[in-house]
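We use all heavy atoms of the structure for the numbers below, so side chains are in, but hydrogens, waters and symmetry mates are not. Here is the naming used below: chain letters follow the sequence lines, and residue numbers restart at 1 for every chain. Remember, predicted model here, so these are calculated numbers, not experimental data.
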2 protein chains.
Amino acid sequence: MLNYETRLDRVFHALADPARRSMVDRLCKGPASVSDLAKPLSMSLPAVVQHLHVLEQSGLVRTKKVGRVRTCTVETKMLRTVEQWVTERRTFWERRLDRLGEFLKETAEPADKT
Amino acid sequence: MLNYETRLDRVFHALADPARRSMVDRLCKGPASVSDLAKPLSMSLPAVVQHLHVLEQSGLVRTKKVGRVRTCTVETKMLRTVEQWVTERRTFWERRLDRLGEFLKETAEPADKT
DNA sequence: TTCATAGTTAAGCATTCACTTAAGTATCAT
DNA sequence: ATGATACTTAAGTGAATGCTTAACTATGAA
């Protein structure tokens, strides 16, 4: 099992490519085969398979082969992980700004004013 | 001005590196100089500057040089953009699952049951 | 059995990435 | 003016990325 940092590396890297993001977009609308995913992309099938592999390794996508077609689905668990990482940082920064605002207000109006 | 897709490429790419994420972590706790950012990292200063440049280009970090010190801050606007992208996809998928659940429930209990 | 479909594997190639070291350039302190 | 601090720039290197084409392997259909 991979550690948290490495999983973040992989998932952010996976999302850093427009072709892979478009595959995720497509899969959010429902499962699809490899050739379904390839159709809107202007690149060879092997290239699509390579992107798919990156998505699988990142944990964003799961696939299962039945007969000769491989069906792909998104894994929301990983989307949640990303979401959480970003939200934590953003809110941490925003709370800091709030505290700073409070501090400035208190400094403007002396504490013994009332 | 860059388009939405390219900005997403850059911001996800920027976050795909542990050193850069640790720099963002640090900056969420408050502004810092380049050498502040470099201190906990086991790499040369030029390497840190290069990572910083990637963060600036992604829009995640702003910097301003005063005297000989460059001060860096996070830009939450870009964190929000990432957050929104992920949330949209996740909720889209979850709504799909909800609709599917409804459908299965309806199919299990015939409509004329009541 | 023969053909087409769906995907896989392998190899190669240009580009980008994440560093490094070495040599700068401003600023600030004495 | 001298030296130290805080970066900055440039050039080089090995590894990873994002493709490609060519050849191959299953599976399903006729």
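Across the protein-nucleic acid pair, B:D9 atom CG and C:dC17 atom C1' stand 15 Å apart, rounded to whole Å. Rounding to whole angstrom units, CZ of residue B:R10 and C1' of C:dC17 are separated by 15 Å. In this structure, NE2 of A:H53 is placed 15 Å from C1' of C:dG7, rounded to the nearest angstrom. Here the P atom of nucleotide C:dC19 and the CG atom of B:L52 are 14 Å apart, to the nearest Å. B:L41 has its CG atom 13 Å from the C1' atom of C:dC19, to the nearest Å. One can place CG of A:D36 at 13 Å from C1' of C:dT5, the figure rounded to the nearest angstrom. Computed from coordinates, the B:K65 NZ to C:dC28 C1' distance equals 13 Å when rounded to whole Å.
Checked by atom type, the side-chain pair B:S33/B:D36 shows a donor-acceptor distance below 3.5 Å. Between the side chains of B:T63 and B:R70, at least one donor N or O lies within less than 3.5 Å of an accepting N or O.
Contact annotation: B:S33 reaches the phosphate of D:dC7 (side-chain N/O to OP1 or OP2, under 4.0 Å).
Relative orientation of the B:F12 and B:W85 rings is perpendicular, given thresholds of 30° and 60° on the angle between their planes.
When side chains are defined from C-beta on, A:R10 counts as touching A:L2, because their heavy atoms get closer than 4.5 Å.
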Report task. Evaluate side-chain hydrogen bond (donor to acceptor under 3.5 Å, both in side chains) for B:N3 paired with B:T6, printing each intermediate quantity in order. Result -> CA-CA 6 Å; B:N3 65 48; B:T6 310; 2.8 Å; yes
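Counting non-hydrogen atoms of other residues, nucleotides and ligands closer than 6.0 Å to CZ of B:R95 gives a total of 12 or fewer.
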Query - Protein-to-nucleotide contact annotation, 5' to 3' order, nucleotides 18-30 of chain D [B base; S sugar-phosphate only; - none; under 4.0 Å, heavy atom] - result: SBBBB----BS--
